[in-house]
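In what follows, a single structure is set out as structure tokens and then discussed.
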Amino acid sequence: MSGRVEIQDLSISFHGRGGATQALAPTNLTLEPGTFTALIGPSGCGKSTILNAVAGFIAPTAGKILIDGKRIGGPNPGVGVIFQQYALFPWLTALSNVKFALKRLSLPKGEMESRAMDCLAEVGLADAGGKYPGQLSGGMKQRVAIARTLAGEPGVLLMDEPFGALDAQTRLSMHELLLRIWDRRKATILFVTHDVDEALALADIVHVMASAPGRVIATHVLDAPRPRAASKFDTTFPGLRESILGLLRPAVSTQ
Amino acid sequence: MSGRVEIQDLSISFHGRGGATQALAPTNLTLEPGTFTALIGPSGCGKSTILNAVAGFIAPTAGKILIDGKRIGGPNPGVGVIFQQYALFPWLTALSNVKFALKRLSLPKGEMESRAMDCLAEVGLADAGGKYPGQLSGGMKQRVAIARTLAGEPGVLLMDEPFGALDAQTRLSMHELLLRIWDRRKATILFVTHDVDEALALADIVHVMASAPGRVIATHVLDAPRPRAASKFDTTFPGLRESILGLLRPAVSTQ
Amino acid sequence: APVTLAWAPNPQTPQIDVAIARGFFRDAGLDVKTVSFPTGREAFEALAGGQVDMAFMAELPATIGALRAQPFAVVADLSRYRGSRLIANAKTLDMKTTADAAGKKVGLTIGANLDYFTSRLFAAAKINVTIVNASPPDLLPALLRGDIDIAVPFPTFYPAAAKALGENYREVLPGGYAVHNIVAASSPFIKMKPAELEKFIAALVKADAIVRAGPAAAQALVAENLKGAFTLESVTKMWGEYDFHTELADDLTDLLVDQGAWLIEKGAVKGAAPTAASMRPYIAEAALRKADASAVRLK
Amino acid sequence: MPGPAAVFAGSRDSWVARALEPLTPLLSFAMVLAVWSLVCLSGIVSDSVFPPPWQAWEAAVELYQTGVLASDFAASISRAAIGFAIGATLGIATGLLTGRTALFSLLLNPFLRVMRPIPAIALVPVAIVWFGIGEGSKYFLISYTVFLTVWFNTHHGMEYVPDIYIRASRCLGAPRWREFCTVTIPAAAPHILGGIRLGVALALLSLVAAELSGATSGIGYRLQEARQYIRTDRMFALLIELGLLGAGLDWIVNQIGRRIVHWEQA
Amino acid sequence: MPGPAAVFAGSRDSWVARALEPLTPLLSFAMVLAVWSLVCLSGIVSDSVFPPPWQAWEAAVELYQTGVLASDFAASISRAAIGFAIGATLGIATGLLTGRTALFSLLLNPFLRVMRPIPAIALVPVAIVWFGIGEGSKYFLISYTVFLTVWFNTHHGMEYVPDIYIRASRCLGAPRWREFCTVTIPAAAPHILGGIRLGVALALLSLVAAELSGATSGIGYRLQEARQYIRTDRMFALLIELGLLGAGLDWIVNQIGRRIVHWEQA
Ligand SMILES: Nc1ncnc2c1ncn2[C@@H]1O[C@H](COP(=O)(O)OP(=O)(O)OP(=O)(O)O)[C@@H](O)[C@H]1O
Ligand SMILES: Nc1ncnc2c1ncn2[C@@H]1O[C@H](COP(=O)(O)OP(=O)(O)OP(=O)(O)O)[C@@H](O)[C@H]1O
Ligand SMILES: [Mg+2]
Ligand SMILES: [Mg+2]
């Protein structure tokens, strides 16, 4: 099975006006194929930085990232990314957005159409193919974005606070959807959030990060079965929620 | 004690291209002085419509709203409003934003300054008075907005998803701040949210609304002492969280 | 292909009106197409830019063109006009002589031949005036409004000025300067189409005789072509101020040289002062000599 | 200052105002006509300085009946259209180039930035030396102005294509040319369209400048002619024609643009 | 099309490009000068049509040494400044009025919208009949253009003042006049500033149109004179002067504007 991500001694600095700032101290992480990993941490701790490096959007300052043993050198269709702001192309219909991802496979026209429709159906939007993103609600947009990314059948799925802009109810239904799809496709997922409940509800492994410089300060393996209800976390993971919140709290005082 | 809000047979329709749509069916609500009321409901159910009517931003189509027995006829400084987007004036410093609310009291200059500083100190921003909103984080902006509204000493405080744009950690610390201030000032609060946990953590009374047309479909009195931890809702309010989510769920499927 | 001529109806060149009306060009096998421009400068720009084969204008653009080494030459001098005048509005200035202009605001188009006329005139009379620049069509409104005390407009504007000012119309004809109304041709045209040029000049010479033989017919024709801008009466009245004869003589060369000197004096154009020898290449007399040898009187 | 009796803030337009909306332009023009007529009837200014509306109307009718109106209109529109087409095409092409390629941007931007404030009217002399007094110089002047505006807007549109679209496109495996055609250009399209709208307005402006010299037809030439004969009535008729033409063209371009850039609605 | 070897998307500017940034304008101008010189040296075009850079430079030096450059500059700048001041003041005032009062908006907008496409150059004849060939008509022409632009932007800025600021102000108990001065105007300020920037550019443009008649100094007049005497070298010097002046003014206005509207940074 493929989709193994190895992050080896990865460190990243940004060069600004006042010299270089280290966004990420040397970090080692391995994501086993088919696992669901959450990164949680206060704002500015480097969550997006790790994710962008794995996506190939920014170059490592030191260290390297291997996917299935191959070093990454830029964005590649084997690694799908889902953005908080959806990043749908507003000038294309939902269906065309999905077809965009299929173009590189050079499929015959009919097959491309039907595969795109299948992907939309998978996220429950079989009827919305002809709509433009501007005509969809936030939740529907994010579903189209998921369908589009999944159409390319990436072995690794990176999600940067994908449901951060959605309201609480919609977010819950997106969790269900995501788990259902993941159950079927078994891609390796790296999921960035700063909502503890979201991490606890979804992930196999939660890495807690801290800032200045960005680094992983704690790792928890969550082996409770899914679905997990937020109101039962106290019994499912005794003390864990409070312990993670405790790690995050100091950063809050300056907010 | 003042700050009694009576909503009597209030109904509101909007006139659009395709004729009038009823955003709010005739509704009766009374907010007792010094109570904390939450309105919860799916998107588009008329939460903001009720709040805007109480604020005097939109006129009732039928019915009336009384504040301490006086019918309202437009925005008035006795009713403070806190907006999701903060609504700070970006061209004024935090301190000047607060002073804006004090101008109508025609205080001597020195007293105005010191009262504005006190209000900022109350929200923990004594040091940030000289900063412009653009230099503040989301949480700090909302605190300045709260300080500004409180400076006018309104008897009624209306809040429309005030913490909806903040991340989970910041939101928790804002809850603490809000409860602390409310404990001291005891204004009547009407709080709009679509996060069940937020309503359960803060309010004395939760009104659950439904849409098409907007109406109140359930009311729950929460008498547990504060602070209330989200992870203990299951024991504090047995079954309530699930029951409210159940009421909200149907609307989610179209998201 | 048609021969294009930058020309608009005007009282200075009856030869062209006659040649067109009597079909002299057509008879010679020429298809002459006229294109109108508001000023001679623009006609010259069109000529230098290769838009037209020949252009009618006063002599100053030719002087400038010669100093700036433009590809053209003067092929005929159709008329000399000594009636250039100063016009005043009696409401602001009851002008009787040139001397009355002292200290006044004189409106003209800087860089046009009347600028040369005025500046030589006031320099000779040792009179100081304030020059106000305005485009040709703006001089009359400016005079009527009192923005300027004296206007020095092109002859085309004289009747309109007389009509608009009515009894307040005052004019002085200082004389001394003759406007040369010339036809210039582009160098490519002279070089590539000598036959057409000869036919064109021959037709003008033929028309010349008719103009001089019976002024009345030519006057009627000119007035008709001007479509109301000039009445027959005003055409007739001004007729005597013109010397109509298609020629190329040394007075033109002398004028070009003096104008060139004036332009260089005032710094408008850089370079050494022109001489008769340096101006001579810009007069191409071959065609006229063939049509009427006596009309060419050049050293 | 805001209206006096709006009890409820936010409902800025009164019902009356909304009901009258379709009649608004008529109302406005009626008022302008009324004021104009009154000023003229009062006799404060002479007819030759400020002709009354009916004289301007008569002048317009005269222009129409002699066929001059139509032929001027045709001449001006065709000049504007050709100049616009050349300028807009070059502007978009250059903008696409400078907006996405650092080298071109470095070399061309400062130069074009210094060109931008040079108005077409100032270029008339150079245009005439270069292209002569015929149609060439007119096309040059119009396309020059249009080019700079369209370039500037296209360039900015290309520069500010949100990174997220590019990232999304790349991690979906789109090759560069597909990214360019189906992501970058559509993302910049609203800006390009903005440039085109400005370009249409400027084309009209340069048209008048261009027709001052060496034209024998066209609205600009006719204005010049009216000036020659101090025909203020005609000037007014022509100015109004120009205004209506400009407002009309802007409306048309806006309508077409909205349809093309349908996803970007204010 | 995007650069070839950018392995990592998002880092659009290469390090080289960033290091060279401050030198960019120099580089660009050097390239333009080089191309210009080469074209002239190649002898494809004659000097009188397309003078080489050194001739333009000599002409500039000559203008400078005879003092003409300075006096033209002063004359033009003072005309532009006065016209701009009048136009901008009226434009802001009218915009504040039409942007917040339905009545004025109804009556004036359609009229002003038809005025907008009428270029200043087309108004020259009317301006001369009305204001004479003196400075009056120049101020009129410049302020006319500036007025329309500044009005348009101010009007839109006022119309789009976010409702939420008005609501906040009202429920904080601010009276209308305070709301107007300390909320509405600052909220519209970025738009007003945008109008002013455009206005500066247009003032320069109308300046050249205005100086075509009735001026004996000023950059526009000098250009016209250069045309008269076919002094292409001078034309080029003057055009470059105009371009630098425009770019400089824009920069200054932008700097000042940024300081005033400090809260609105892209
Ligand atoms: N392009 C950049 N240039 C300079 N500094 C950057 C850049 N991107 C990120 N940083 C800095 O790197 C650090 C980590 O940023 P990052 O975006 O990874 O944080 P994050 O954990 O995703 O925060 P958030 O929860 O707010 O999204 C921050 O201090 C940030 O300011
Ligand atoms: N100005 C308006 N004109 C027309 N319809 C409106 C207007 N404002 C609100 N509505 C309609 O009234 C209904 C209630 O809207 P309201 O904003 O009160 O919902 P809400 O409960 O606050 O939703 P949300 O959670 O999305 O803020 C919706 O159907 C909305 O479309
Ligand atoms: Mg992030
Ligand atoms: Mg709402």
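Remember, predicted model here, so these are calculated numbers, not experimental data. Chain A is the first sequence line, chain B the second, and so forth, proteins listed ahead of strands; every chain is numbered from 1.
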Notebook entry, point to check: What residue in Pro125(E), Cys171(E), Ala201(E), Gly246(E) has the most heavy-atom pairs under 4.5 Å with chain D?
Noted result: Pro125(E)
Item checked: Option that, when pairs with chain E are counted at under 4.5 Å, heavy atom only, ranks first among Gly248(D), Gly243(D), Ala247(D), Ser206(D) ->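 It is Gly243(D).
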Item checked: Interface residue of largest heavy-atom contact number with chain E, from Asp250(D), Leu239(D), Leu242(D), under 4.5 Å -> Leu239(D)
Notebook entry, point to check: Would you say Val126(D) and Thr232(E) make side-chain contact, with heavy atoms under 4.5 Å?
Noted result: no
Item checked: chain D contact via Leu212(E) - which portion, at a heavy-atom distance below 4.5 Å -> side chain
Margin query: Please classify the contact between Ile128(E) and chain D as side chain, backbone, both or neither, with a heavy-atom cut-off of under 4.5 Å.
Written below: side chain
Next item on the list: Report the residue from Leu207(D), Leu223(D), Val208(D) that forms a side chain to side chain contact (heavy atoms under 4.5 Å, CB included) with Ile121(E).
Entry: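 Going through Leu207(D), Leu223(D), Val208(D) one by one, the side chain to side chain contact (heavy atoms under 4.5 Å, CB included) with Ile121(E) is satisfied by Val208(D) alone.
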Note to self: Quick check: under 4.5 Å, non-hydrogen atoms only, which of residues 108-118 of chain E neighbour chain D?
What the structure shows: Leu108(E), Pro110(E), Phe111(E), Arg113(E), Val114(E), Pro117(E), Ile118(E)
So for [X], is it side chain, backbone, both, or neither that comes closer than 4.5 Å to the heavy atoms of chain E?
{"X": "Phe104(D)", "value": "neither"}
{"X": "Val124(D)", "value": "side chain"}
{"X": "Val32(D)", "value": "side chain"}

Item checked: Nearest-0.5 Å distance that lies between atom CG in Leu205(D) and atom OG1 in Thr145(E) ->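 Interatomic distance, Leu205(D) CG to Thr145(E) OG1, rounded to 0.5 Å: 8.5 Å.
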Item checked: Worked verdict on Val129(E) versus Phe50(D) for side chain to side chain contact (heavy atoms under 4.5 Å, CB included) -> CA-CA 9 Å; Val129(E) 173; Phe50(D) 195 74; over 6 Å; no
